[in-house]
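For reference, the structure discussed in these notes is given below.
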Amino acid sequence: MTQALDEIKIGGLGSSRKRVEDNRFIRGRGNYVDDIVLPGMLHMEILRSPLAHARIRSIDTSKAWEIPGVRLVLTGEMMATRNLAWMPTLSYDTQAVLATDKVRFQGQEVACVVADDPYIAKDACEAIVVDYEPLPVIVNPTQAMAEGAPLIRDDKENQHDNVVFDWQVGDKDATDRAFEQADLVSKLDLHYPRSHPSPIECCGSIADFNRATQKLTVYMTTQAPHIIRAAVALVAELPEHMIRIVSPDLGGGFGNKVPVYPGYVMSILASILTERPVKWIEDKTGNLISTGFGRDIYLHGELALRRDGKILGVRMHTTSDHGAFFSDAQPSKFKIGLMHSAFSCYDVPAAHLTARGTYTNKAPGGVAYRCSFRVTEAMFFQERMMQAAANDLGMDQAEFRRRNFVRDDDFPHRTPFGFLTDSGQYGKCLDVGLAAIGYADFLKQKEEATKHGRLLGIGISTMTEPLGAGNSREYDILGIKMFDSAELRVHMTGKAILRTGAKTQGQGHETTWAQIVAHELGIPAEDVTVEEGDTDTAPFGMGTYASRSTPVAGAAVAMVARKVRAKARKLAAHLLEVSEEDIEWELGRFYVRSSPDRGVTIQECAMAAYSNMPDGMEPGLENVAYYDPPNLTWPFGCYIATVEVDPQTGVWDVLNVVAVDDCGVRINPMIVEGQIMGGLTEAYAMASMQFITFDTQGNCIGSNYMDYLLPTAWETPGYELHEVVTPSPHHPIGAKGVGECATVGGPAAFVNAVMDAIKDTGVRNIDMPLLPDRVYEALTQRHDVSGAPPVRTDD
Amino acid sequence: MSSLFEEIREPVAGDVPVRRVSITVNGVRRTADVEPRLLLAHLLRQGLGLTGTHTGCDTSNCGACTVLFDGKAIKSCTMLAVQADGHEVTTVEGLAGPSELHPIQEGFKDEHGLQCGFCTPGMMLAAKALLDENPNPTEDEVRWALSGNLCRCTGYQNIVKSVLWAAKKLQSQSAS
């Protein structure tokens, strides 16, 4: 008779367990970087360039030094004497820590002041006099590639133009042949605007160098503490074992907290020089104008179509704007991230992608903003191209997608650009979505509304995306392979502590990792403490971004628990006085196969590991697992939005939003749904209001929350969520990544809906965000509306 | 490293003007000598160690620094500490006693109204200001009342549910 524990009751897989971390957050007892106060701590502020491109003639810091309470003023020249004026980026480029020769974007770090309090440091920054010689400014790739364009990276040897890279993937010849055979070629040009992840908490660090122990501790806002430790070891030339990176509670990340920023490096040097802890907390403007942005990429896309709706081939050419330094964090092998994951859910025989990256006088970045290395752009381009093609064919947009989906029995499937997808039920997800939104009824309603001059629209976006880099064969950052890790120690009373190489920023790892342990070992989730973010205690991991926690670190948690269970089985055999082969496992308990009533719990095994182990067995019950996934995970998302556009103003309102997500097995459904709703909101943000642009002088428009609009509770629509479950065939518990799916797939649903509403104008594209004035321009002037910078700010 | 280290100056005493303020924070009267330019958020965080009040944007947009000022929700990053002289301030630490939770706190946990937790204290205090005035709000009234507070994680739907959960609980408490 089974005595297995009820998995939901112990907070295992599928339990919507309430979050552990909430207990401190709802009391205001979180521990974010700015909450940490160390004895004798000094405060650092950064002076930033007001100009986007200018030579620095001189920097006079003498007045700053005279302000009482100022302890240190650093300039690029002083950094250069320590070989720290420049640092390597995560993409084999270099980036200025403090400008020496010239400034290359508005907001670039020019000097910093360390003082007794942040107010004094700010005063002193204002007392620094910098003499600039303005240079011509470049704010988009066309300007960057124009003949005679000023060279932005004149610091680099062998850099004779503003091109960062040229890269291509796919089969050009086969694609050319496909286009020759096409009945119809559908073309689309668009710009995915620069956006900023903008977690509410800005970046910051507290560097604490202890001369006596030679140890450097850095508390900082990082999603990837171990990568930072490696980077600090290389940049600051400190021994790795003398560096401790602690990432405490993070007030959101969304990709913004992956790169190494100059502020971190300066605070470290300042602490070494002053031998005092030095705190740097960025302000919102500093965050928005200087840290890793997302997107800013142009597409020319073409689909070769057969009259019956079959896609024969895809051509994509992208031009990306990387700002002044190429500082994306992305797998080394792929210059434009995983852009070539486009069209993975469709059966497309031939595809070719060419990509060019350019330098401009804008902040560096191109980080994966809530997406897996440019996947958001890939899927947005894909789904906008799909809608344009359906319209060109005169075919229903749902039917056009269905006709081209990879079928459920066609897995594993080689995608047009060479990925291997392994599972999915794409048609089913679409059907669930169409039923939920009431597709047929809406089309009737829309037709009826048209008669009364009302503009209704429906937008569909379907996509599968690659989440959970690596495997290590294909995925590395700066040569460090993208695996992850977990370490589990079961105490003698059967309680446990788990540490991983990931780092939660709101995803709820403290809750969900314990659920995986509960699932594998039958130890109630509430008996498992989860710790992350301290490189002195956590096993080496690549951190949390690109929805990789559950696919990689989560898998490591399952695997380490299985290692622990294997040892517990030996202990059980010893306690039950039978051989291991005669033992069976059920949740929380080993029992004798022939006599199921004779059993021992996992807790009894744990006690035996410390008090009654067999002769010759190593005591203790703990292990570590490093997990290198065999493939990415491939979740699927179907997002459908309905809107009404006001023909008089161009204002559009969302009527309904349906999301169908297939992220495999859900560890904690409540948390998964929370992430989907958050992702949908960032999708809505990008479609409706959130972007950063620049004027001709390179002035950043969107440098604060009055200009950079994030939706509030008032604008944000409500969501209806549905699920389909296709377990990952290779993940130990069948889970897939999910955190970013809705951000990746969502924007096209909103944009397609508005474009559907104004389809009769013949306008093919309005660049995001679909601001009312842009929609109004399309409605009244019946032409495509570009959102590419520069924008005019003189009227 | 030594040459630059020598460039570091010794501290010089400056004449910083200060003003004495007396503020009742979470029911306890606190007195401090502050620079007139010190922001209330910084006094709460650094001066009183009440780090549950967060600063996100410095421009009154994000609302992470929201506290109650004589019962009204205000953004403490754009109020000077001296302006609070003689007034009452409630922060997240004052929502409930040490071993208990306010229904709003319970609601946020129960309805998964938070993820990274950074906006949460401000959200809860904005919600408290609403429920103190309007114990039975509609969903739209909650959305409007919270529209001065930004959240990047949740998409607000669960935050709204959290506040409605708390409203219900508070009403059933006052009924009994």
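Labels below follow one simple rule: chain letters A, B, ... track the order of the sequence lines, proteins then strands, and each chain is numbered from 1.
Taking the six-membered ring for Trp, A:Tyr684 and A:Phe750 have ring centres closer than 6.0 Å.
Between chain B and the options A:Ile671, A:Asp249, A:Val37, heavy-atom pairs under 4.5 Å are most frequent for A:Ile671. Chain B forms more heavy-atom pairs under 4.5 Å with one residue of A:Gly506, A:Ser198, A:Gly252 than with any other, namely A:Gly506. The greatest number of non-hydrogen atom pairs below 4.5 Å with chain B, out of A:Gly253, A:Gly30, A:Pro197, is found for A:Pro197. Comparing B:Thr154, B:Thr120, B:Val142 by heavy-atom pairs within less than 4.5 Å of chain A, the highest count is held by B:Thr154. Interface check for chain A: of the options B:Leu114, B:Val160, B:Asn158, the most heavy-atom pairs under 4.5 Å are formed by B:Leu114. Your options are A:Ala115, A:Pro199, A:Gly678, and the one with the most heavy-atom pairs under 4.5 Å with chain B is A:Gly678. Ranking A:Gln505, A:Arg27, A:Arg24 against chain B, the residue ahead of the rest is A:Arg27, based on heavy-atom pairs under 4.5 Å. With respect to chain B, the highest number of heavy-atom pairs below 4.5 Å among A:Arg29, A:Glu715, A:Met706 belongs to A:Met706. With chain A as partner, the option from B:Thr91, B:Ile104, B:Asp140 having the largest number of non-hydrogen pairs under 4.5 angstrom is B:Asp140. With chain A as partner, the option from B:Asn149, B:Thr53, B:Leu146, B:Leu101 having the largest number of non-hydrogen pairs under 4.5 angstrom is B:Leu101.
Checked by atom type and distance alone, the side chain of B:Thr24 never pairs as donor or acceptor with a backbone atom of B:Glu88 at under 3.5 Å. Without hydrogens or angle criteria, B:Arg143 side chain to A:Thr716 main chain gives a donor-acceptor distance under 3.5 Å. With hydrogens and angles disregarded, no donor-acceptor distance shorter than 3.5 Å links the side chain of A:Gln507 to the backbone of A:Thr504.
With a threshold of 4.5 angstrom between heavy atoms, A:Ile200 approaches chain B through its backbone and through its side chain. Neither the backbone nor the side chain of B:Leu95 has a heavy atom closer than 4.5 Å to any heavy atom of chain A. A:Asn287 does not touch chain B: none of its heavy atoms, backbone or side chain, sits under 4.5 Å away. For B:Ile159, no part sits under 4.5 Å from any heavy atom of chain A, backbone or side chain. Heavy-atom distances place both the backbone and the side chain of A:Gln675 under 4.5 Å from chain B. With a 4.5 angstrom heavy-atom cutoff, B:Leu125 does not touch chain A via any of its atoms.
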How far apart are the C-alpha atoms of B:Thr51 and A:Tyr32, what are their side-chain angles, what is the distance that settles it, and do they pass the side-chain hydrogen bond (donor to acceptor under 3.5 Å, both in side chains) test? CA-CA 9 Å; B:Thr51 55; A:Tyr32 304 91; over 6 Å; no
Determine, stepwise, if the pair B:His42 / A:Tyr119 fulfils ring-ring contact (aromatic ring centres under 6.0 Å, His included). CA-CA 11 Å; B:His42 293 160; A:Tyr119 288 65; 5.5 Å; yes
Give the intermediate values and the outcome of ring-ring contact (aromatic ring centres under 6.0 Å, His included) for residues A:Tyr369 and A:His196. CA-CA 7 Å; A:Tyr369 161 24; A:His196 195 281; 7.9 Å; no
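How far CD1 of A:Ile676 is from SG of A:Cys741: 7.5 Å, rounded to the nearest 0.5 Å.
Side-chain atoms of B:Glu93 and B:Asn26 include no donor-acceptor pair closer than 3.5 Å. For the residue pair A:His43/A:Asp117, the side-chain donor-acceptor check at 3.5 Å is not satisfied.
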